[in-house]
Number of protein chains: 2
Amino acid sequence: MLPRLLSFGNLPPYERQLLEQALRRKVRTIGPHKDIIRERDKPRVANFMLDGWAMRYKQLSDGRRQILSFFLPGDICDANVFLLDEMDHSIGAITHVTYAEVSHADFEALAQAPEIGACLAFRNLVTMAIQREWTTNIGQRSAYERLAHLFCETFHRMRAIGQIRDDGFSFPLTQTDLADATGMTSVHGNRTLQRLRCEGLLELKSRRIVVRDLERLTQVAQFTPNYLHAYGAVKQAAPEIS
Amino acid sequence: MLPRLLSFGNLPPYERQLLEQALRRKVRTIGPHKDIIRERDKPRVANFMLDGWAMRYKQLSDGRRQILSFFLPGDICDANVFLLDEMDHSIGAITHVTYAEVSHADFEALAQAPEIGACLAFRNLVTMAIQREWTTNIGQRSAYERLAHLFCETFHRMRAIGQIRDDGFSFPLTQTDLADATGMTSVHGNRTLQRLRCEGLLELKSRRIVVRDLERLTQVAQFTPNYLHAYGAVKQAAPEIS
DNA sequence: CGTGCCGTTGACGATATTCAAGTGCAGTGG
DNA sequence: CCACTGCACTTGAATATCGTCAACGGCACG
């Protein structure tokens, strides 16, 4: 019923029911390339990702765009966001996306529940840690290392939600998206990607990534997964389908 | 008594007392270039900045360093950080720093108090927004725009805590720090800084910045302060000295 | 069978890094 | 008082990385 990360581990029955009810109240679907919420909008609800990929991004007035993070199933878009007068960034769907809108009142109730509240706070810390790692990635690493790092991170996150099959996973971004996420132009992204391919680190074709050599990829990226803090605390396992 | 941003606006007497007690319990001082906490340490307390500048940073194994954010008086280093097994970044003092260590128990009590709890959550959102802006800054802007942006942001933050005098403020970073914060080499930082100076946008000499043309600086940086969400909701005013 | 988006390529120029050397200044100790 | 030291800042030249512009091919979709 719930995507893996939204299961929040073993909740007491009362909390589990609270969570499921909150997530059932208002489920929405949106098509790719549509915005879930835009910069300057007044935030009204917290969004819990149920299925599909979305992204957080900012756009400068001259058109430059920075993708700030990706939302995978089970992620929470903006905990506590009600406290803000207006959004300082946008959230857009990459694929078809299903998400649950959680009202301010419902969110408060979830945050008050001891287990769920702690999980929400923990998730928030992980989200912040990932954002910091992206800053480091873009600030310090070369284009080549940067892409390698993003693929390592995504691999680990996808594994945590049981989405790895044969060392590969679905990766619905265009090369332009990839470039905007790593702070390079799409032309340079394309060339850098080719280098990753021809050095035998990975394949990327028709929206699917296969990691050919995780060890070397990790080395190139100087990737250390500690900042994910055992993201979801779930190792590779069958996804929760019920 | 409390630095401006830690005043949390108008608190009911009970909460104000709670806050002051929590901040009085353990006040520490540390010299410049010392670490307050290091990556891989187990976090035990939340640190509330009382005086001086500190920074959050990450170091790669080959020595490259990314400065992730600055802590000014009144900032909170790591709310909720107890939930993490270990630190994924370090916090270092830039100047002499005075800070209050808040225990897990005390922090919980603060977070439970309605007004303070909301303030803490709000501050956390602003911290995240700043981190996102840094990602955007480093990812999309040129070196020249990037430095301009950092100075704009710092100007606004310093103004919010009443630290602007004659369009200038104390700025204790070396050029190497500045470069590590904006993802460039110190040599390039130096040259870029010279350009900012000779175009009449600002002066930077002996650890003090004077903004000569805020309007043009804002333009160059494409700076929009919306992401600060009226950081502290305090306009320029005399600092709270009591 | 067009149309549009995505990926790819080449040539060129701009931006940023590297390496190395030198200046200025503050603090230290003789 | 002055040499000595260390650090921050500055400069130049050579190089590497990355961006811009423009064009073309493939493929899906209508």
Side-chain angles (χ1 to χ4, degrees), chain A residues 31-34 53 60 62-67 92-96 137-150 170-199 202-209 220, chain B residues 31-34 53 55 60 62-67 92 94-96 137-150 170-199 202-209 220:
Chain A
H33 310 298
K34 304 271 183 204
W53 281 56
L60 302 190
D62 61 7
R64 284 179 281 182
R65 178 183 67 152
Q66 177 68 43
I67 294 180
I94 294 171
T95 62
H96 275 277
N137 198 31
I138 297 174
Q140 297 301 319
R141 284 186 259 256
S142 70
Y144 186 61
E145 299 167 315
R146 226 139 74 205
L147 280 185
H149 191 278
L150 179 61
S170 149
F171 190 78
L173 303 196
T174 65
Q175 289 190 4
T176 303
D177 295 333
L178 205 49
D180 284 349
T182 46
M184 61 187 95
T185 59
S186 62
V187 171
H188 195 60
N190 176 284
R191 288 173 174 141
T192 307
L193 204 50
Q194 288 178 44
R195 196 174 144 211
L196 283 167
R197 277 195 275 245
C198 84
E199 305 219 351
L202 54 79
E203 288 164 29
L204 169 48
K205 201 167 50 175
S206 51
R207 308 289 119 106
R208 184 174 173 78
I209 286 186
V220 164
Chain B
H33 311 298
K34 304 272 182 201
W53 282 56
M55 64 180 171
L60 303 189
D62 59 7
R64 284 178 282 184
R65 178 183 69 152
Q66 177 68 42
I67 294 180
I94 294 171
T95 63
H96 275 277
N137 198 31
I138 297 174
Q140 297 301 319
R141 285 187 257 258
S142 70
Y144 185 61
E145 300 167 313
R146 226 140 71 204
L147 279 185
H149 191 279
L150 179 62
S170 148
F171 190 78
L173 303 195
T174 66
Q175 290 188 6
T176 303
D177 295 333
L178 204 50
D180 284 349
T182 46
M184 61 186 94
T185 60
S186 62
V187 171
H188 195 56
N190 176 285
R191 287 172 176 144
T192 308
L193 203 51
Q194 289 177 43
R195 197 175 143 210
L196 282 167
R197 279 195 274 244
C198 85
E199 305 218 350
L202 55 80
E203 288 164 28
L204 170 48
K205 201 167 50 177
S206 51
R207 309 288 119 105
R208 183 173 173 79
I209 286 187
V220 164

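On a predicted model such as this, the values are computed, not experimentally measured, just so you know.
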Point to revise | Touch class at under 4.0 angstrom, heavy-atom based, for R197(A) against every strand present | key: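 Since only primed, P, OP1 and OP2 atoms lie under 4.0 Å of R197(A), the category is sugar-phosphate.
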Exercise for review: Please confirm whether the backbone N or O of A179(B) pairs with a side-chain atom of S186(B), one donor and one acceptor, at under 3.5 Å?
Suggested key: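 No; judged by distance alone, with no hydrogens or angles, the pair does not exist.
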Check your understanding: Any donor-acceptor pair under 3.5 Å linking the side chain of Q140(B) with the backbone of G183(A)?
Key ->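 Checking the backbone N and O of G183(A) against the side chain of Q140(B), no donor-acceptor pair under 3.5 Å is found.
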Considering all heavy atoms, the nearest [X]-[Y] contact:
X: V220(A); Y: Y144(A); result: CG1-CE2, 3.7 Å
X: Q175(A); Y: L193(A); result: NE2-CD2, 3.6 Å
X: P32(A); Y: I94(A); result: CB-O, 3.1 Å

Is any side-chain heavy atom of [X] less than 4.5 Å from a side-chain heavy atom of [Y]?
X: H149(B); Y: I138(B); value: no
X: R207(B); Y: T174(B); value: yes
X: L147(B); Y: M184(B); value: yes
X: L60(A); Y: R141(B); value: yes

Review point. dG10(C) base to R191(A) side chain: any donor-acceptor pair below 3.5 Å?
Key: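 Yes.
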Proximity to the side chain of [X] - top-ranked nucleotide from [options]:
X: H188(A); options: dC6(C), dT18(C), dG19(D); value: dG19(D)
X: T174(B); options: dT17(C), dG7(C), dC9(D); value: dC9(D)
X: Q175(B); options: dC9(D), dG7(C), dT17(C); value: dC9(D)

Point to revise | Nucleic acid contacts - residues 138-146 of chain A versus DNA chain C, non-hydrogen atoms under 4.0 Å | key: none
Study note, to complete from the structure: In B/S/- notation (B base, S sugar-phosphate only, - none; protein heavy atoms under 4.0 Å), nucleotides 22-30 of chain D written 5' to 3' is ---------
Point to revise | Degree of bending, the helix from dC1(C)-dG30(D) to dG30(C)-dC1(D) (end axes from five pairs; round to 10°) | key: 30°
